[in-house]
Number of protein chains: 2
Amino acid sequence: MTQIADINKIQEERLGHKIYLELKKKLIVGELMPGEGLSIRKVAEEYKVSAMPVREALRQLAIEQALISAAKKAYRVPDLTAGQAADLFFVRSILEGAAAEIATANATKADFKLLEKLIVGMNKYWQAKDAKSFLFTNYQFHSHITSLSSNSALQAMIDGIYLRTGPWLAHGITELVDLDAWKADHSGIVNALRARDAKTVRRLVEEDAYWGVSIYSAIDNT
Amino acid sequence: MTQIADINKIQEERLGHKIYLELKKKLIVGELMPGEGLSIRKVAEEYKVSAMPVREALRQLAIEQALISAAKKAYRVPDLTAGQAADLFFVRSILEGAAAEIATANATKADFKLLEKLIVGMNKYWQAKDAKSFLFTNYQFHSHITSLSSNSALQAMIDGIYLRTGPWLAHGITELVDLDAWKADHSGIVNALRARDAKTVRRLVEEDAYWGVSIYSAIDNT
DNA sequence: CCAGCGTATCTGTGATCACAGTTATGTAAT
DNA sequence: ATTACATAACTGTGATCACAGATACGCTGG
């Protein structure tokens with residue numbers, strides 16, 4: 001526990017990791033659109049650092065498939081095909097479902113409270129048509145449940161998937177899809193958690209992972 | 001398809017990626033032991049390149065959790081606790097089981113032939129007590145089945161787990177456990193594949209992911 | 001007005017240096 | 001002989017430069 005905390009502390013002190021976290025949030029939230037280019041020198045100037053830490057951050061994102069990197073060509077946000085996105089959501093449903101099933105036994109009253117607070121937030125941002133805040137709160141909701149599995153390897157992998165599908169979702173939400181058509185009711189998940197009904201939790205979480213796909217499935221079948 | 005091929009080709013041309021692949025294989029095969037340190041300058045000298053590509057390779061491995069990185073301290077191979085290893089094998093069983101279930105429908109006669117050839121190889125290396133070759137062949141066997149799922153995201157994640165458990169397994173095999181106590185019969189998997197029995201394939205693959213844990217469970221319960 | 005081409009500017013990559021913090025070493029004092 | 005301490009050798013990190021390949025732009029010719 002303290003070991004992990006130390007590692008995080010150290011990572012926060014590394015310049016490249018700070019840049020990485022900044023860009024990561026932008027990707028999850030949809031502040032960077034599919035196809036958009038990222039240049040080492042430009043980003044370096046933006047954050048007032050040298051090229052070295054930025055170079056490291058972009059490479060890390062490329063390793064995590066959150067950016068595309070071709071030789072001597074600018075890094076850019078991937079433009080996922082519907083098939084690639086479906087693959088990712090499939091993996092997420094498997095992993096997040098398993099994580100949620102384990103989490104059911106570990107959730108405390110404080111967790112229920114926090115999750116319900118996040119649901120309120122999501123509804124608020126939904127009404128306000130604030131896609132960015134909505135997506136981030138949605139991410140926090142799922143991320144918290146996953147963390148209750150206390151399997152850090154599992155959590156990290158799920159996290160990586162949100163990173164990759166973030167721009168894709170944001171693009172769909174802000175440009176292609178009517179928000180009202182989207183069902184994203186998480187209260188059923190919290191209810192099942194309260195009832196300690198692990199199987200139902202797993203099923204609901206698995207199903208929820210598929211609304212991302214449904215955004216495009218009606219529009220794009222490539 | 002050609003896009004992916006191009007990317008791979010480019011990656012092969014990048015110096016840092018070559019170093020990465022070299023070290024990756026060493027980790028999977030167990031040529032690098034838990035706790036062992038890796039220095040940028042030492043590795044650079046070993047491969048006759050500058051520090052820059054090595055630095056990139058080590059950082060990538062650290063990102064993939066295949067190496068531990070603390071500030072201003074040497075990179076080193078993680079020494080997993082039994083709990084951490086169990087977490088990884090748990091995730092692997094979920095992912096690899098799902099992948100194998102999908103793969104069942106896609107496997108061709110050529111695949112059966114290749115898999116059986118790999119089994120023969122494993123038995124040979126087993127007899128010869130060649131742990132390194134045995135582990136690599138085992139990896140190839142599982143990796144091939146996973147690839148038949150044609151879900152590259154899924155495959156990459158499973159690959160990452162082998163990378164992280166490799167040194168741990170090798171350490172157990174070469175130093176702690178009697179080889180004869182280890183059951184690792186993969187012929188049942190191939191038979192189920194031939195019978196197109198997806199559920200059985202999934203179950204067998206899931207079960208197989210647990211022999212790694214059993215190596216230590218009898219020895220170390222921390 | 002448009003196509004073709006050369007050039008100028010952009011891109012990531014590799015190499016090298018400076019620096020600060022860590023680890024190891026060897027010496028001196030008890 | 002053992003402990004304490006200074007110092008030397010190591011570590012990763014950040015910055016900067018050189019270079020080659022990719023891209024974009026503008027010019028020149030039709």
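Throughout, protein chains are lettered first and strands after them, A, B, ... in sequence-line order, and every chain is numbered starting at 1.
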note: B:Lys42, atom NZ; D:dG12, atom C1'; distance rounded to Å ~ 13 Å
Exercise for review: May I ask you to evaluate whether A:Lys72 reaches the phosphate of C:dC10, defined as a side-chain N or O under 4.0 Å from OP1 or OP2?
Suggested key: no
From CG of B:Leu15 across to P of D:dC19 the rounded distance in Å is 18 Å
Winner on side-chain proximity to B:Ser39, out of D:dG14, D:dT13, D:dT11, is D:dT11
Whole-Å distance, A:Ile68 CD1 to C:dT11 C1', equals 16 Å
Problem - Distance test, side-chain N/O of A:Tyr47 to OP1/OP2 of D:dG14, below 4.0 Å - result: no
To the nearest angstrom, the CD1-P distance between B:Ile40 and C:dA15 comes to 13 Å
(message) So, OP1 or OP2 of C:dT13: does either fall under 4.0 Å of a side-chain N or O from B:Arg14?
(response) yes
Check: Is any NZ, NE, NH1 or NH2 atom of the basic residue among B:Asp159 and B:Lys24 found under 4.0 Å from an Asp or Glu carboxylate oxygen of the other?
Finding: yes
One pair to check against side chain to side chain donor-acceptor pair (under 3.5 Å): A:His186 and A:Asn138. What are the steps and the verdict? CA-CA 9 Å; A:His186 291 74; A:Asn138 178 63; 3.2 Å; yes
| query | Does B:Arg59 put a side-chain nitrogen or oxygen below 4.0 Å from OP1 or OP2 of D:dT13? | reply | yes
B:Leu67 atom CG is separated from D:dG12 atom P, nearest whole Å, by 11 Å
Original post:
Distance check: side-chain N/O of B:Ser50 vs OP1/OP2 of C:dT16, anything under 4.0 Å?
Top reply: no
Here the gap from B:Phe141 atom CZ to B:Ile119 atom CD1, rounded to the nearest 0.5 Å, amounts to 4.5 Å
* To do: Would you confirm whether A:Asp79, through its side chain, and A:Gly35, through its main-chain N or O, come within 3.5 Å as a donor-acceptor pair?
  => no
Between A:Lys73 and B:Ala51, whichever has its closest DNA chain C nucleotide further toward 5' is A:Lys73
Checklist line | Side-chain donor/acceptor contact of B:Arg41 with base of D:dG12 under 3.5 Å | finding: yes
Atom CD of A:Glu56 and atom P of D:dA15 are separated, to the nearest Å, by 11 Å
Taken to the nearest whole Å, CG/B:Leu58 to P/D:dT11 is 11 Å
Return yes if the base of C:dG14 and the side-chain atoms of A:Arg55 contain a donor-acceptor N/O pair under 3.5 Å, otherwise no. yes
Side-chain contact check for A:Pro53: nearest option of C:dG14, D:dT13, D:dG14 is D:dG14
*Strictly by modelled atom types, are A:Gln60 and A:Glu64 linked by a side-chain donor-acceptor pair under 3.5 Å?*
yes
Between OH of A:Tyr75 and C1' of D:dT23 the distance, given in whole Å, is 18 Å
